[in-house]
Amino acid sequence: MLSGKTILLGITGGIASYKICELIRMYKRANADVQVVCTPNALNFVTKLTLQTLSKNNVAVEEFDIKNYNPEHISFADKADIMVIAPATANTISKIATGVADNLLTSIACAFTKPVIIAPAMNCNMWENPIIQENLRKLSYTILEPESGYLACGYLGKGRLCKIDKIFDKTVELLNYKPLTGKKIVITSGGTIEDIDPVRYISNYSSGKMGVALADVAKNLGADVTLITTKDVSKKYNIVKVKSALDMKSAVEKEFCNADCVIMAAAVADYRVKETAPQKMKKTDDDEINLTLVKNPDILKEISAKKEKQIVVGFCAESENLIEHAKEKIAKKGCDYLIANDISRKDIGFSSDYNEVTILDKNGGMKKLERADKMTIAYKIFEEIYGKE
Ligand code: CTP
């Protein structure tokens, strides 16, 4: 995804520095060249050896390396396509905002003319300090604001480094890697809701997070995205809110003919209540009650049968014999790809921010994607689908 791109990754002295190891791994997995530049204090939190091993490059800290003819701050600034400073301390932010260039990182920032991302992390009182806020406003950079939660210093407030995948995602976006430009991608997400009466329904535990991650990534890669979802989502792409499987079917059908790719990440209820009661059902004297359920249409199977140019991708949620069931399902549904995930595991899948999936294709190919955050999994799914075109 980032082949041929050089990322200058500035790390400053905050406890969140250790999280940047994962960011380096994500950049490397995406084939970027990563040049780490640390402030001297950053090395109190994370070792040079770790950063060098992960980035597969020397880590630069000091301004002058007499072996090197070039003024380093200028040669680094020239070589990189983007600069990412994460975590960015209040100190480094303020120095950059006021043009102070007293170490290699701040010198490079001063000379850097391409996009810069700053991901601050600090104590909540420091974050709210009007001086720091004013300094941030002076920077014409992309600021990824910190998140709220428990901070390493024991405070509860805003100051935690934002999620690593957000930094990764923004990097890809700013590097203008848009291989899906001109493609219309339709994604479904969330569990469908099948009404019993005006106050009760049948649904499932799907959080819709995988579908949103796919939609976010597709958008970042330049696609024209429509997310058909049962959840409340507010994003900068087209959202179609639906409730039941029948609503979802109509929404998918409406988008289908203009779509280049449809990804059914939604957990569609296989059955719905035969007759939804128009009024709240009252309790009776009987100890049992029977609901008659009727089969919902299989949206994935129906669109797979109709596809012309479209690439159709299904998801397959299984709690046992994952691969065996997935192989049967891709044949039965007739889709091009099936993303199989094991919902019996608590550390991935439903409701989790992480997933581990196996991608099956219609020709019998299989590829396992190791456990990662859903955003990374989403990138790899698109890489698998469109990398082969
Ligand atoms: N799907 C669909 N319409 C349905 C049921 C499922 O389009 N009525 C889609 C899902 O969005 C998913 C894929 O089919 O992409 C597989 O869903 P899954 O629940 O794993 O399979 P089912 O076909 O429902 O089979 P089962 O529940 O028996 O495993």
Side-chain angles (χ1 to χ4, degrees), residues 185-195 201-215 218 225-231 233 240-256 259 261-274 293-307 310-345 348-352 355-362 366 369 374 377-378 381-382 384-385:
I185 312 254
V186 177
I187 296 159
T188 66
S189 83
T192 64
I193 297 164
E194 312 297 330
D195 279 344
Y201 60 83
I202 298 172
S203 192
N204 56 64
Y205 290 116
S206 169
S207 64
K209 287 181 183 172
M210 191 65 233
V212 171
L214 283 159
V225 178
T226 295
L227 178 69
I228 300 171
T229 179
T230 59
K231 305 283 179 188
V233 180
V240 180
K241 177 100 191 276
V242 294
K243 193 171 176 190
S244 65
L246 292 180
D247 295 344
M248 187 168 276
K249 176 180 144 83
S250 331
V252 170
E253 280 173 349
K254 204 166 146 212
E255 302 290 336
F256 187 69
C261 176
V262 179
I263 306 182
M264 289 289 305
V268 184
D270 289 329
Y271 297 91
R272 66 180 181 279
V273 178
K274 189 174 181 185
L293 303 181
V294 291
K295 211 175 216 166
N296 269 328
D298 190 323
I299 309 169
L300 179 64
K301 196 171 172 182
E302 288 185 12
I303 59 169
S304 296
K306 287 199 289 213
K307 71 187 161 74
Q310 296 88 348
I311 297 174
V312 177
V313 184
F315 266 72
C316 155
E318 302 293 344
S319 56
E320 55 175 2
N321 304 329
L322 179 68
I323 300 302
E324 204 181 304
H325 283 138
K327 282 182 178 166
E328 284 166 16
K329 224 170 250 184
I330 193 168
K332 200 168 84 184
K333 306 253 187 186
C335 52
D336 298 293
Y337 294 91
L338 193 73
I339 318 295
N341 67 336
D342 181 348
I343 53 163
S344 68
R345 279 176 53 182
I348 55 167
F350 270 24
S351 304
S352 168
N355 216 346
E356 180 184 294
V357 303
T358 301
I359 306 177
L360 287 84
D361 68 47
K362 62 179 175 195
M366 246 198 292
L369 303 184
K374 287 185 171 172
I377 295 284
I381 290 172
F382 282 114
E384 188 62 19
I385 299 171

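In listed order, ligands and their atoms are each counted from 1.
Residue contacts with ligand 1: A317 is included, with a non-hydrogen atom under 4.0 Å away. The shortest separation from a heavy atom of H325 to ligand 1 is not under 4.0 Å, leaving the residue out of contact. Distances from ligand 1 to the non-hydrogen atoms of K329 include at least one value under 4.0 Å. Note on ligand 1: P297 sits in its first shell, one or more heavy atoms being nearer than 4.0 Å.
Distances between N or O atoms of L300 and those of ligand 1 include at least one value under 3.5 Å. By the 3.5 Å distance cut-off applied to N or O atoms, C316 is not counted among the residues near ligand 1. Considering backbone and side-chain N/O of A266, one or more are found under 3.5 Å from N/O of ligand 1. At a 3.5 angstrom cut-off on N or O pairs, I299 counts as close to ligand 1.
Residue contact check: G314 has heavy atoms under 4.0 Å from atoms 15 (O) of ligand 1.
For K231, the NZ atom counts as densely surrounded, since its 6.0 Å shell holds more than 12 non-hydrogen atoms of other residues, nucleotides or ligands. Atom OH of Y201 sits in a sparse spot, with 12 or fewer heavy atoms from other residues, nucleotides or ligands closer than 6.0 Å.
In summary, K332 and D298 do not engage in a salt bridge, as defined by a charged side-chain N under 4.0 Å from a carboxylate O.
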Item to complete: Give the intermediate values and the outcome of side chain to side chain donor-acceptor pair (under 3.5 Å) for residues T230 and T192.
Response: CA-CA 6 Å; T230 59; T192 64; over 6 Å; no
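For E318, the salt bridge (Lys or Arg N to Asp or Glu O under 4.0 Å) partners at least two apart in sequence or on another chain are K329.
Proximity annotation for atom 14 (O) of ligand 1: of K333, M264, K301, K333 comes nearest, heavy atoms only. Of the options D270, T192, V313, the smallest heavy-atom separation from atom 24 (O) of ligand 1 is shown by D270.
Atom NZ of K327 sits about 12.0 Å away from atom CG of N321, to the nearest 0.5 Å.
D336 has its side chain within reach of K307: a pair of non-hydrogen atoms, C-beta onward, lies under 4.5 Å apart.
Judged by distance alone, the side chain of Q310 and the main-chain N or O of V262 form no donor-acceptor pair under 3.5 Å.
Annotation: atom 16 (C) of ligand 1 to nearest protein heavy atom, F315 O, 2.8 Å.
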